[in-house]
Amino acid sequence: LDARLAEHPDAEFHVHPECGCASQALWLASSGAIPQDRVHLLGTAGMQRRARETRAEHVVVATEVGLLHRLRAENPDVDFLAANPDAVCRYMKLITPAKLERSLTDLVHEVEVPEDVAVRARAAIERMIRIG
């Protein structure tokens, strides 16, 4: 983050809570190195929403780099920069559309979760369907 800050001192920082540099971003904001109003700790949906709302010319994004393509496609007037261009989640890359389709059509690899988790997940999916 320090290098991106030096390159783009006016940038906003969108940091995923699971990103390894979340602590560094929060420390930079608390120390005054980055104004606190330019650091946003966001989940994936929050990053997409904030990307549409930002007035910043440059946004440093600290998350899995796969999200950058979508942010750039949906917001072509903003320069989205990876905080770490090598931030690739190998576990996310294991899930493919073909594997998901097989799981759903053949009812294999079922995942069981506690009912309270299922209720919250179902509500989130229903919201996404309503929006989409």
Side-chain angles (χ1 to χ4, degrees):
L1 286 178
D2 290 327
R4 289 296 190 194
L5 177 61
E7 293 170 18
H8 303 284
D10 60 331
E12 257 188 25
F13 292 82
H14 297 182
V15 182
H16 195 277
E18 295 173 9
C19 180
C21 59
S23 295
Q24 181 186 16
L26 294 175
W27 181 85
L28 288 169
S30 68
S31 72
I34 303 173
Q36 289 185 5
D37 64 338
R38 290 198 345 238
V39 176
H40 303 274
L41 196 61
L42 306 160
T44 303
M47 284 188 174
Q48 291 174 280
R49 184 175 42 258
R50 180 67 194 161
R52 289 189 299 271
E53 297 168 354
T54 187
R55 299 286 180 244
E57 186 176 332
H58 306 285
V59 175
V60 176
V61 182
T63 191
E64 211 275 345
V65 294
L67 181 61
L68 288 172
H69 173 75
R70 184 170 184 176
L71 294 176
R72 290 171 179 151
E74 293 176 357
N75 309 281
D77 295 333
V78 179
D79 182 22
F80 292 97
L81 308 157
N84 177 359
D86 297 322
V88 175
C89 178
R90 66 184 176 127
Y91 299 107
M92 287 179 64
K93 303 303 182 198
L94 294 174
I95 302 169
T96 66
K99 288 178 181 177
L100 179 59
E101 179 184 31
R102 178 172 176 263
S103 179
L104 293 172
T105 58
D106 297 344
L107 299 177
V108 296
H109 309 298
E110 183 177 357
V111 176
E112 293 184 24
V113 297
E115 184 59 28
D116 64 316
V117 173
V119 168
R120 291 193 324 265
R122 192 174 297 110
I125 290 169
E126 289 171 354
R127 277 193 307 270
M128 287 186 275
I129 290 170
R130 280 194 306 272
I131 292 169

*Output all residues satisfying side chain to side chain donor-acceptor pair (under 3.5 Å) with E64, sequence neighbours left out; order by chain, then residue number.*
K93

*How about L42 and V15: do any of their side-chain heavy atoms sit closer than 4.5 Å?*
no

*Pairs in or reaching into residues 51-86: which pass ring pair (Phe, Tyr, Trp, His ring centres under 6.0 Å), with residues at least two apart or in two chains?*
H8-H58

*Going from CG on L71 to OG1 on T63, what distance comes out if it is rounded to the nearest 0.5 angstrom?*
9.0 Å

_List the residues meeting side chain to side chain donor-acceptor pair (under 3.5 Å) with R72, not counting sequence neighbours, and say none if there are none._
none

*Distance (rounded to the nearest 0.5 Å) between R52 CZ and E74 CD*: 6.5 Å

*State, to 0.1 Å, how close R130 and R127 come at their nearest heavy-atom pair, and which atoms those are.*
NH2-CG, 3.1 Å

*Sub-4.5 Å side-chain heavy-atom contact between V61 and L81*: no

*Would you call D79 and V59 a side-chain contact if the rule is heavy atoms closer than 4.5 Å?*
no

*Rounded to the nearest 0.5 Å, how far does CG of L100 lie from OG1 of T105?*
9.5 Å

*Taking atom CZ of F13 and atom NE2 of H40, what is their separation to the nearest 0.5 Å?*
10.5 Å

*Identify the heavy atoms of A82 and V65 that sit nearest to each other, and give their distance.*
CB-CG1, 4.1 Å

_If the threshold is 4.0 Å, N to carboxylate O, is there a salt bridge linking R55 and E12?_
no

_Checking L67 against T44 for the side chain to side chain contact (heavy atoms under 4.5 Å, CB included) test, could you report, in this order, the C-alpha distance in whole Å, the side-chain angles of both residues, the deciding distance, and whether it holds?_
CA-CA 8 Å; L67 181 61; T44 303; 4.0 Å; yes

*So do E110 and L107 actually touch side chain to side chain, heavy atoms under 4.5 Å?*
no

*Any E57 side-chain heavy atom under 4.5 Å of V78 side chain*: no

*Closest non-hydrogen atom pair between M47 and H16, with its separation*: CE-N, 3.1 Å

*asked:* Quick one: does any side-chain atom of S31 pair with a main-chain N or O of W27 as donor and acceptor, under 3.5 Å?
replied: yes

*Under a 4.0 Å N-O cut-off, is there an ion pair linking R122 with E126?*
no

*If you take all heavy atoms of S103 and V108, which pair is closest and at what distance?*
OG-O, 2.7 Å

*Would you indicate whether the side-chain heavy atoms of H14 and V60 approach each other to under 4.5 Å?*
no

*Exercise: identify the closest heavy-atom pair between P9 and A6*: CD-O, 3.9 Å

